[in-house]
Peer 1: 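Before we start, here is the structure in question, set down as structure tokens.
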Amino acid sequence: MAIDVYLSEEKIKERVIELANKINKDYAGKEIVVVGVLNGAFMFCADLIRHINVPVTLDFIAASSYGEETESSGQVKIEWDLKNEIKGKHILLVEDIVDTGLTIKSLKALLGSREPASIKLASLLFKPARNIHPVEIDYLAFEIDDKFVIGYGLDYAGRYRELPYIGIYSE
Ligand code: 5GP
């Protein structure tokens with residue numbers, strides 16, 4: 001098996017800083033609750049908040065989709081919920097990848113029902129070729145080809161999350 005580097009550590013670092021700068025401008029004078037979507041977004045989330053200079057609190061949520069991903073039921077199962085209330089807060093949801101869009105669409109709807117002041121989405125990756133649930137990505141690091149990627153938080157059967165770059169796995 002081989003892993004080809006698709007997005008290098010340097011390229012990711014650069015882009016994460018650009019996104020953080022934009023977030024800092026947009027949220028100037030406000031406080032944000034960063035909600036990392038486990039497990040895949042842990043590394044992106046950790047790197048992103050290092051460059052955020054408005055007041056931040058951090059929380060996590062984990063979800064898994066059930067049923068066929070082509071079903072438009074929007075059903076996701078919450079495996080781990082937020083620890084804190086978000087009513088009246090500015091939420092920045094941080095996701096690893098928007099693929100079909102099912103997970104993030106459902107999470108946005110769920111968090112939206114808890115009456116936050118606002119919800120925005122930051123995603124490391126977006127695969128337009130597979131997207132069937134359109135969702136607005138306010139801060140997107142990279143749009144990618146229709147390839148299965150690993151590393152920088154993303155796994156293949158639980159492995160390779162620790163890689164500092166994003167790679168393409170081939171047998
Ligand atoms: P969606 O609900 O948008 O179809 O799927 C989102 C989830 O599927 C992501 O959070 C991620 O866990 C997984 N996923 C989608 N595409 C990839 C990929 O190319 N590589 C990896 N490792 N996971 C992916």
Side-chain angles (χ1 to χ4, degrees), residues 1-13 15-16 19-20 23 33-49 58-83 86 91-114 116 119-171:
M1 79 106 202
I3 299 170
D4 297 321
V5 177
Y6 185 65
L7 295 167
S8 69
E9 189 175 357
E10 292 69 31
K11 207 165 174 182
I12 297 169
K13 266 189 194 154
R15 195 69 189 115
V16 166
L19 290 190
I23 291 167
V33 180
V34 167
V35 173
V37 183
L38 295 173
N39 292 335
F42 82 95
M43 203 177 276
F44 175 44
C45 194
D47 284 346
L48 189 68
I49 63 169
L58 184 62
D59 211 335
F60 290 99
I61 198 161
S64 60
S65 44
Y66 39 3
E68 287 295 306
E69 61 182 21
T70 45
E71 276 176 17
S72 55
S73 58
Q75 293 296 307
V76 298
K77 185 174 162 214
I78 300 300
E79 310 274 7
W80 175 265
D81 206 342
L82 302 180
K83 281 208 171 155
I86 57 167
I91 306 302
L92 179 63
L93 202 48
V94 178
E95 175 63 303
D96 55 353
I97 182 165
V98 177
D99 187 26
T100 65
L102 175 62
T103 308
I104 210 65
K105 187 183 149 207
S106 308
L107 284 179
K108 258 187 131 173
L110 173 73
L111 299 187
S113 72
R114 298 179 184 176
I119 303 188
K120 283 191 181 184
L121 171 64
S123 184
L124 176 67
L125 305 171
F126 174 52
K127 257 190 220 174
R130 290 180 37 95
N131 189 244
I132 51 175
H133 301 280
V135 55
E136 190 179 342
I137 305 175
D138 303 279
Y139 307 100
L140 173 66
F142 303 100
E143 196 169 289
I144 63 165
D145 300 328
D146 188 8
K147 304 207 184 283
F148 189 80
V149 291
I150 53 166
Y152 198 70
L154 290 117
D155 74 312
Y156 171 67
R159 291 273 336 265
Y160 309 110
R161 293 191 195 275
E162 73 283 10
L163 298 178
Y165 57 87
I166 291 169
I168 294 175
Y169 180 92
S170 56
E171 293 289 341

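This chain uses plain numbering: 1 for the first residue, then up along the sequence. Just so you know, ligand 1 is whichever comes first in the structure, and atom 1 is the first atom listed for that ligand.
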Peer 1: Please confirm whether F148 comes under 4.0 Å of ligand 1, counting heavy atoms of the residue only.
Peer 2: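 F148: in contact with ligand 1 (<4.0 Å).
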Peer 1: Give the numbers and elements of all ligand 1 atoms closer than 4.0 Å to a heavy atom of E95.
Peer 2: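 Numbered from 1, ligand 1 contributes 10 (O).
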Peer 1: Please name the pair of heavy atoms, one in L125 and one in L140, separated by the smallest distance, quoted to 0.1 Å.
Peer 2: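 Minimum heavy-atom separation between L125 and L140: C-CD1, 3.7 Å.
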Peer 1: Calculate, to the nearest 0.5 Å, the distance between atoms NZ and CD1 belonging to K147 and I166 respectively.
Peer 2: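 If we round to the nearest 0.5 Å, K147:NZ and I166:CD1 are 14.5 Å apart.
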Peer 1: Compare every heavy atom of Y169 with every heavy atom of I3, then report the nearest pair and how far apart it is.
Peer 2: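 Between these two residues, the closest heavy atoms are CG1-CD1, 4.3 Å.
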Peer 1: Taking the basic N atoms (NZ, or NE/NH1/NH2) and the acidic carboxylate oxygens, is any pair closer than 4.0 Å for D59 and K83?
Peer 2: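 Here D59 does not pair with K83 in a salt bridge, since their nearest N and O are not under 4.0 Å apart.
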Peer 1: Counting each atom of ligand 1 from 1 as listed, which ones have a heavy atom of L102 under 4.0 Å away?
Peer 2: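 The atoms of ligand 1 under 4.0 Å from a heavy atom of L102 are 2 (O), 3 (O).
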Peer 1: Ligand 1 and I150, any nitrogen or oxygen pair closer than 3.5 angstrom?
Peer 2: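 N/O-N/O distance under 3.5 Å: no.
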Peer 1: Provide the number and element of each atom of ligand 1 under 4.0 Å from a heavy atom of D155.
Peer 2: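 Counting atoms of ligand 1 from 1, those under 4.0 Å from D155 are 21 (C), 22 (N).
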Peer 1: Regarding atom 17 (C) of ligand 1: of the candidates K127, K147, K105, which has the closest heavy atom?
Peer 2: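 Of the listed residues, K127 has the closest heavy atom.
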Peer 1: Which of the numbered atoms in ligand 1 are below 4.0 angstrom from a heavy atom of D96?
Peer 2: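 The atoms of ligand 1 under 4.0 Å from a heavy atom of D96 are 9 (C), 10 (O), 11 (C), 12 (O).
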Peer 1: Below 30° counts as parallel, above 60° as perpendicular, anything between as tilted: where do the rings of F44 and Y152 land?
Peer 2: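 If you compare the ring of F44 with that of Y152, the planes turn out tilted.
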Peer 1: State plainly whether the residues R114 and D81 are in salt-bridge range, i.e. N to O under 4.0 Å.
Peer 2: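 Result for this pair is yes, salt bridge flagged.
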Peer 1: Is a side-chain N or O of R130 found less than 3.5 angstrom from the main chain of V98, in a donor-acceptor match?
Peer 2: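 Pair absent, no side-chain N/O of R130 close to backbone of V98.
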Peer 1: So if I apply the side chain to side chain contact (heavy atoms under 4.5 Å, CB included) rule between E95 and each of T103, I137, L124, which one comes out positive?
Peer 2: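 That would be T103.
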Peer 1: Using a strict cut-off of 4.0 Å, indicate which atoms of ligand 1 neighbour a heavy atom of T103.
Peer 2: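 Close to T103: 1 (P), 2 (O), 5 (O), 6 (C).
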Peer 1: Does G40 come within less than 4.0 Å of ligand 1, judged by its heavy atoms?
Peer 2: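 It does not, in that no heavy atom of G40 comes within the 4.0 Å cut-off of ligand 1.
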Peer 1: Under 4.0 Å from any heavy atom of D99, which atoms of ligand 1 are there?
Peer 2: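 Every atom of ligand 1 under 4.0 Å from some heavy atom of D99: 1 (P), 3 (O), 4 (O), 5 (O), 15 (C), 16 (N).
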Peer 1: R130 near ligand 1, heavy-atom distance under 4.0 Å?
Peer 2: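 Judged by the 4.0 Å heavy-atom criterion, R130 does not count as contacting ligand 1.
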